[in-house]
Amino acid sequence: MHAYRTHTCGQLRKDHVGQSVRLSGWVHRVRDHGGVLFVDLRDTHGLTQCVVDQGSSLIESVGKWRHESVVTITGSVKARRPDTANAKMATGDIEVYMDAAILQSAADVIPFQVAEDDGAGEDMRLKYRYLDLRREKMQRNIRLRNTVIASIRRRMWESGFQEFNTPILTASSPEGARDFLVPARLHPGKFYALPQAPQQFKQLLMMSGFDRYFQVAPCFRDEDGRADRLAEFYQLDVEMSFVTQDDVFSTMEPVIAGLFEEFSNHTGEKRAVTKTPWPRIPYREAMLRYGSDKPDLRNPLEIVDVTEVFAREDVEFRAFKEIIAKGGVVRAIRAPKVSDRPRSFFDKLNDWARGEGAPGLGYIVFEAAEGKGPIAKFLPAAAQAALKTIAKAEAGDAVFFVCDMEERAAKLAGKARDKICADMDIREKGVYKFCWIVDFPMYEKDEKTGVVQFSHNPFSMPQGEMESLDTKDPLDILAYQYDCVCNGFELCSGAIRNHKPEVMERAFAIAGYGVETIKAKFGGMYNAFHYGAPPHGGCGFGIDRIVMLFADEPNLREVYAFVMNGAFEDPMMGAPTAVSPEQLRDLHIKTDLPKEKIKATG
RNA sequence: GCGGGCGUAGUUCAGUUGGUUAGAACGCCUCCCUGUCACGGAGGAGGUCGCGGGUUCGAGUCCCGUCGCUCGCGCCA
């Protein structure tokens with residue numbers, strides 16, 4: 001007989017009755033009845049009830065086992081009587097009568113309960129993560145994550161992609177988020193950076209002739225954390241040669257849709273996945289209709305522009321008119337069938353808008369012929385009719401207004417759209433609603449400085465290429481830049497890349513960078529463009545966010561085995577730590593700490 | 001860097017208008033119990049109320065500061 005186990009704790013059934021077996025696992029629960037004693041033994045596969053029968057000499061030693069100790073038991077499988085079988089357990093038809101029991105590793109008193117969720121705080125769970133990971137929900141989440149990644153790999157290989165590794169120690173890049181830096185001992189004063197994404201390497205692989213790359217790529221960004229943002233995370237990183245934007249979509253849609261179909265019933269509630277091809281929504285349209293570049297399409301509400309109504313001469317609502325005169329816009333959201341809602345429904349939304357920094361959330365309720373509400377009196381019948389036409393409002397509907405300069409109005413309208421949907425409880429349930437947001441602008445104007453800069457990836461190909469760069473207002477130039485959005489989450493961002501050095505030079509010049517900058521910062525890739533570069537493009541999917549959606553978890557840390565807290569510290573490992581003076585000397589580094597912030601971190 | 005919330009037993013929490021010896025559940029320890037499966041029963045241990053200062057006859061409770069955790073803003077091409 002094997003030293004530790006002949007079966008797992010989830011394996012034994014009626015067929016095994018009469019067999020002599022050995023099981024190993026953790027003491028999940030103990031029920032001591034004096035003469036007879038039950039131990040639920042747990043491993044990652046399940047639970048088995050093990051029995052110390054009356055008169056057994058084991059009763060004293062087994063009775064002392066603490067929860068979460070690791071034990072090995074040997075015994076015979078017996079069928080449970082019908083009145084003692086447990087239909088809730090997979091192994092509930094049998095139990096193992098112990099002949100021998102070995103305490104392999106005694107557990108101290110545990111800091112929180114494993115057998116049940118006792119609501120222990122996240123700091124405790126992270127400090128004792130190995131205990132937390134023993135719990136049923138975490139076992140489920142981590143297994144889900146592993147099978148999702150296996151499925152992704154299988155689907156990508158089946159789609160003709162090859163998986164690559166790219167460097168972890170690489171060069172800091174000037175754009176984007178803050179880099180994690182690693183001092184280079186052999187090169188005093190110089191640093192490696194951990195990759196924010198393998199962006200340049202995957203493009204260089206295209207230049208190397210591999211035409212379908214993917215990687216489950218670790219990415220590192222030194223920005224402040226959020227519930228859905230970690231210092232280290234994983235992307236399904238993808239790049240393809242000789243493709244158009246539509247090729248990228250039609251290649252990735254079946255992979256992602258298939259993945260979502262496969263895992264969409266993980267929580268027990270089967271969810272419908274948007275049929276491919278997914279809707280493609282231009283960025284500007286998304287900002288107008290949804291007030292967001294990551295719209296939640298489960299929300300049926302849409303935003304329309306009603307600036308023309310409030311600009312009419314017969315409308316005397318000065319609060320809006322003054323903003324329109326300065327170039328502002330008015331956006332409207334129709335909320336269907338809310339005229340019977342109590343006044344508090346509208347007041348709450350108004351209070352919410354004030355909390356968002358707006359003066360309020362104006363509205364008109366169309367009960368019958370004429371509109372009611374605080375600003376209805378400023379709009380004569382003809383203007384109200386025009387408003388109803390544009391907003392497609394009917395009797396019983398309300399229309400909410402946001403007025404500001406265009407970008408701010410769009411964003412607030414987007415938040416209001418989400419808030420009204422939540423308050424009305426009309427978000428569609430049981431679905432994954434996908435879309436691609438396309439035609440992102442190539443450039444944007446910095447609000448503070450007024451300087452034109454890249455709005456997304458500087459390596460994106462501008463639509464119209466050189467001609468657009470030469471002839472158009474930079475702010476009107478669109479890029480082959482796209483996002484994949486699901487239920488309001490940005491799952492993926494990508495682009496068709498700019499593989500032409502002369503177009504790249506021009507594109508960087510508009511953003512204020514000379515050729516020297518390109519050579520200094522992206523020299524390796526810029527050189528490669530001069531030796532035969534295929535047209536190429538790709539994208540990167542946030543794997544953790546995908547797993548979050550499947551697991552229906554609100555927090556990224558629930559789908560990682562080992563993870564840092566919100567301040568990017570690991571309470572279990574003690575990272576980050578102070579290092580010895582010798583280590584710093586090796587690296588030619590002296591620290592210059594803020595005085596009030598010195599903590600004894602070891 | 002900024003803002004909100006939280007901080008009381010090992011864990012999760014309650015704690016009234018500022019007033020006797022700070023409670024509950026789970027866990028832990030001792031004992032009882034032959035069929036439980038969240039077993040049941042009796043008893044017990046366990047607290048610098050995050051820390052520091054202040055107001056007060058009296059502070060877990062009020063005020064100030066500080067630290068920690070958490071959510072968000074900024075940031076995240």
Per the 3.5 Å Watson-Crick/G-U criterion and a run length of at least three, the stems involving RNA chain B are B:1-7 with B:67-73, B:10-13 with B:23-26, B:28-32 with B:40-44, B:50-54 with B:62-66

Over all strands shown, is A:N565 touching base, sugar-phosphate only, or nothing at heavy-atom distances under 4.0 angstrom? sugar-phosphate

Euclidean distance for C1', B:C39 against B:G46 (whole angstrom): 25 Å

Residue-phosphate contact under 4.0 Å: A:R66 side-chain N/O, B:C29 OP1/OP2: yes

P spacing across the pair B:C2 / B:U8, given as an integer number of angstrom: 25 Å

When rounded to whole Å, the CZ to P distance for the pair A:F568 and B:C75 reads 16 Å

For A:V402 and A:L412 the tightest heavy-atom approach is CG1-CD2, 3.8 Å

- Message: Heavy atoms only, 4.0 Å cut-off, all strands: where does A:R178 land among base, sugar-phosphate and nothing?
- Response: nothing

Taken to the nearest whole Å, CZ/A:R229 to C1'/B:G74 is 10 Å

*Is it true that the NZ or CZ of A:K78 lies under 6.0 Å from the centre of A:Y97's six-membered ring and within 45 degrees of the ring axis?*
yes

Q) Which part of the nucleic acid, if any, lies within reach of A:F38 when heavy atoms closer than 4.0 Å are counted: base, sugar-phosphate only, or nothing? A) base

Do side-chain atoms of A:R80 reach the backbone of A:I94 as a donor and acceptor pair under 3.5 angstrom? yes

Counting primed atoms, P, OP1 and OP2 as sugar-phosphate and everything else as base, the B/S/- map of nucleotides 6-11 of chain B against protein heavy atoms under 4.0 Å is ----SS

Review item, side-chain donor-acceptor pairs of residues 44-51 of chain A, under 3.5 Å, at least two apart:
| unit_1 | atom_1 | unit_2 | atom_2 | d |
| --- | --- | --- | --- | --- |
| A:T44 | OG1 | A:Q139 | OE1 | 2.5 |
| A:T44 | OG1 | A:R143 | NH2 | 3.0 |
| A:T48 | OG1 | A:C9 | O | 2.5 |
| A:Q49 | OE1 | A:R31 | NH2 | 2.9 |
| A:Q49 | NE2 | A:E95 | OE1 | 2.9 |

Checklist entry - For A:Q453, which contact category applies under a 4.0 Å heavy-atom criterion: base, sugar-phosphate, or nothing? => result nothing

Between A:E68 and the options A:I110, A:V27, A:V109, the side chain to side chain contact (heavy atoms under 4.5 Å, CB included) test singles out A:I110

The answer to which of A:A227 and A:R29 contacts RNA chain B further toward the 5' end, by nearest nucleotide, is A:R29

Does A:R80 contact B:C37 through a side-chain donor or acceptor facing the base, at a distance under 3.5 Å? yes

Polar side-chain contact A:D224-B:G74 base: donor and acceptor under 3.5 Å: yes

Worksheet item: For B:C71, does either OP1 or OP2 sit under 4.0 Å from a side-chain N or O belonging to A:N555?
Response: yes

Practice prompt. For A:D423 and A:K419, run salt bridge (Lys or Arg N to Asp or Glu O under 4.0 Å): C-alpha distance rounded to whole Å, both residues' side-chain angles, the deciding distance at 0.1 Å, then the answer.
Written response: CA-CA 6 Å; A:D423 284 4; A:K419 175 67 178 165; 3.4 Å; yes

* Does A:R31 put a side-chain nitrogen or oxygen below 4.0 Å from OP1 or OP2 of B:U36? -> no

*Less than 3.5 Å between a donor and an acceptor, one on the side chain of A:D123 and one on the base of B:C69, is that the case here?*
no

Checklist entry - Do the side chains of A:P198 and A:Y213 get nearer than 4.5 Å, heavy atoms only? => result yes

A:Y97 OH to B:U36 P, in whole Å, measures 12 Å

Side-chain N,O (A:R226) to OP1/OP2 (B:G74) below 4.0 Å: no

Counting only N and O atoms by type, is there a donor-acceptor contact under 3.5 Å from the side chain of A:E558 to the main-chain atoms of A:M138?
no

